[in-house]
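Note on naming: letters A, B, ... go to the chains in the order of the sequence lines (proteins, then strands), and numbering restarts at 1 for each one.
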Amino acid sequence: MSASSSAKIALITRVLGTKYGRIDWWRGPPEEVMIGAILTQQTRWEHVNKALTELKRRGLCSLRAIDEVDSVTIESAIRCTGFYRIKAQRLKSLASHVNSVYGDTNIMAEKPTHHLRECLMGVHGIGAETADSILCYAFQRPCFVIDAYTERICRCIGITEKRQALKTLFEKVLPGDAAVHQQVHAHIVEYAKEFCAKKRCGECTLASLNG
DNA sequence: GACCAGGTCCTTG
DNA sequence: CAAGGACATGGT
């Protein structure tokens, strides 16, 4: 007889919190976090950091600058993150959209979460995960990020729902506090990087929670 | 050289 | 709707 999905999530949240303690991820100004959220698609964070450093060095780490400069220039600064042509387009789409709709991120910060999510999801190249990352880490909203790792871990413990359902579930279980959502997501990614890479999924011990 | 990384979009069956 | 491919560099 296995525990309910909610109970399992509450449990791994507690276990991973104890294991990893506090993780400070994605500190930084909203614009930088938004740019990073696109750059990190399907790549490692270390590469994103390099690209962000390069963008800053060239004075391009802002939505205003990205809107104005040509995409080839952006491509050359973000090459190390992979998919650099498509990501340069996505950055420009985001920048252009935000600049024309809101003017700047201070205005954005005043809008309700559901409104921002709709807006972000409307940008070509921003899907659910990237939108939620931005909401959670740039705008401090209690919006849970479901990524491939979360899906994998949930499957390990017998929760086989798809992404939208998982998001709903986590948001129901966790308190409505962005800092908590940030921590839990970070813990899941840390754990998954350590134990759930495809090659050594067998080392994951969370399956024992499966009853 | 093979495999994978904190996705998203488009095309097919 | 599910599944498969494209996008691309860099680390192990």
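Side-chain N/O atoms of A:R155 and A:T160 include no donor and acceptor closer than 3.5 Å. No side-chain donor-acceptor contact under 3.5 Å links A:S96 and A:N99. No hydrogens or angles considered: a donor-acceptor pair under 3.5 Å links the side chains of A:T168 and A:Q164.
Contacts between residues 89-99 of chain A and DNA chain B, defined by a heavy-atom separation under 4.0 Å, are made by A:R90. For DNA chain B, the neighbouring residues in residues 124-136 of chain A, judged by any heavy atom under 4.0 Å, are A:H124, A:G125, A:I126, A:G127, A:A128, A:E129, A:T130. Heavy-atom distances under 4.0 Å link DNA chain B to no residue of residues 54-63 of chain A.
Listed by first and then second residue, the side-chain hydrogen bond (donor to acceptor under 3.5 Å, both in side chains) pairs involving residues 78-94 of chain A are A:Q41-A:R90 (not counting sequence neighbours). Every pair passing salt bridge (Lys or Arg N to Asp or Glu O under 4.0 Å) that includes a residue from residues 24-42 of chain A is listed here, sequence neighbours excluded: A:R22-A:D24, A:D24-A:R27, A:E32-A:K56.
Taking the side-chain hydrogen bond (donor to acceptor under 3.5 Å, both in side chains) definition, one finds that A:K111 meets it with nothing, sequence neighbours left out. The side-chain contact (heavy atoms from CB on, under 4.5 Å) test applied to A:H187 returns A:L16, A:Y20, A:I23, A:Q183, not counting sequence neighbours. Remark: A:W45 engages A:W26 in a ring-ring contact (aromatic ring centres under 6.0 Å, His included) (not counting sequence neighbours).
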Which atoms of nucleotides 9-11 of chain C (N or O only) lie under 3.5 Å from a protein N or O atom, and what are those distances?
unit_1 : atom_1 : unit_2 : atom_2 : d
C:dG10 : N2     : A:R44  : NH1    : 2.9
C:dG11 : OP1    : A:K50  : NZ     : 3.3

Pairs: protein N or O with nucleotides 11-13 of chain B N or O, under 3.5 Å:
none

Please list, for nucleotides 1-4 of chain C, all pairs of protein and nucleotide N/O atoms separated by less than 3.5 Å.
unit_1 : atom_1 : unit_2 : atom_2 : d
C:dA2  : OP1    : A:K162 : NZ     : 2.9

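Minimum atom distance to the side chain of A:Q42 is reached by B:dA5, of the listed B:dA5, B:dG6, B:dT8.
At a threshold of 4.0 angstrom between heavy atoms, the contacts of A:A148 are confined to the sugar-phosphate backbone, with no base atom among them.
Comparing A:M121 and A:E190 by the nucleotide of DNA chain B that holds the closest heavy atom to each, the one mapping nearer the 5' end is A:E190.
Of the P atoms belonging to B:dG1 and C:dA8, the separation is 22 Å, rounded to the nearest Å.
For DNA chain B, each stem of at least three Watson-Crick or G-U pairs (distances under 3.5 Å) is given as range with range: B:2-5 with C:9-12, B:7-13 with C:1-7.
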